[in-house]
Structures are given as structure tokens and as C-alpha cells.
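We use all heavy atoms of the structure for the numbers below, so side chains are in, but hydrogens, waters and symmetry mates are not.
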Amino acid sequence: MFVPITTQPQKDNPYALEVPEIEKKRAGLDSQLRLWVVCLEHNNDAYERSYYLEPSAKMGSFSMPFVKRIQGLKIEAIKARKSQGVKRN
């Protein structure tokens, strides 16, 4: 399950978190862009056919405290029946 990251402002979305600059740097994302993690949807993706994961690609990661915030918000969205899956393959 992957939650999307967008440059589209999410001011009316209670299930979105803006990505702090330090987290963008950790994850290797463009620190000049404002980014949001959107917990209203998630991509269902088969690992072996995923175009998100490339074996030789450089990947950063978010800190565990930020990941826990994303998980908590995703759980809230699921409990409120606001989360929808999008099949990707």
C-alpha cells in the first residue's frame, strides 16, 4: 500500500500532511516544492510488477516519527471510511 505525495495544496483535506523540509531531504524529494502526503487514497500495487520500486534506484525515507504520523492519519481515514484504494499495475 502506497499513499500518494502531491504538490497540489490540501488545505481542505483533514487527511493530508504537509511534508516538512527535513523529511523532504531525508526522502530525497525536492525541498523547493511544497508537498503533501494524502491519506484519503492509497495505491494497491503488486511488488513484482511495481513501477514505484526500482532495484537500482536511490531511495530515501521518512523518519519513523513522521511515518507514525502518516500511519495514524491513514488509520483515521480508514476508520471514517474515507480511504479508497486505487489499483495500479
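Across all non-hydrogen atoms, the minimal contact from S83 to C39 is OG-O, 4.0 Å. Among all heavy-atom pairs drawn from Y15 and K82, the shortest one is CE1-CG, 3.9 Å. Heavy-atom minimum distance, A16 versus Q10: CB-CB, 3.6 Å.
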When the side chains of residues 63-73 are checked against the rest of the protein, which donor-acceptor pairs come out under 3.5 Å, sequence neighbours left out?
from	atom 1	to	atom 2	distance (Å)
S63	OG	E23	OE1	3.4
S63	OG	E23	OE2	2.6
S63	OG	F66	N	3.4

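Linking Ile, Leu, Val, Met, Phe, Trp and Tyr whenever their side-chain heavy atoms come within less than 4.5 Å puts L33 and L17 in one cluster.
A donor-acceptor pair is defined here as one N or O able to donate and one able to accept, closer than 3.5 Å; no such pair exists between the side chain of K25 and the backbone of P20.
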(request) Could you give me the CA-CA distance, side-chain angles and deciding distance for K74 and V3, then say whether side chain to side chain contact (heavy atoms under 4.5 Å, CB included) is met? (result) CA-CA 9 Å; K74 184 64 180 170; V3 290; 4.1 Å; yes

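By the side-chain contact (heavy atoms from CB on, under 4.5 Å) test, I5 is found to be paired with L29, L35, V37, F62, residues two or more places apart in sequence or in another chain being considered. P4 pairs by the side-chain contact (heavy atoms from CB on, under 4.5 Å) definition with V38, E41, not counting sequence neighbours. Judged as a side chain to side chain donor-acceptor pair (under 3.5 Å), and not counting sequence neighbours, Q8 has no contacts.
A distance of 7.5 Å separates OG1 of T7 from CH2 of W36, quoted to the nearest 0.5 Å.
Within the structure, every pair that satisfies the salt bridge (Lys or Arg N to Asp or Glu O under 4.0 Å) test and touches residues 4-18, not counting sequence neighbours, is listed here: E18-R34.
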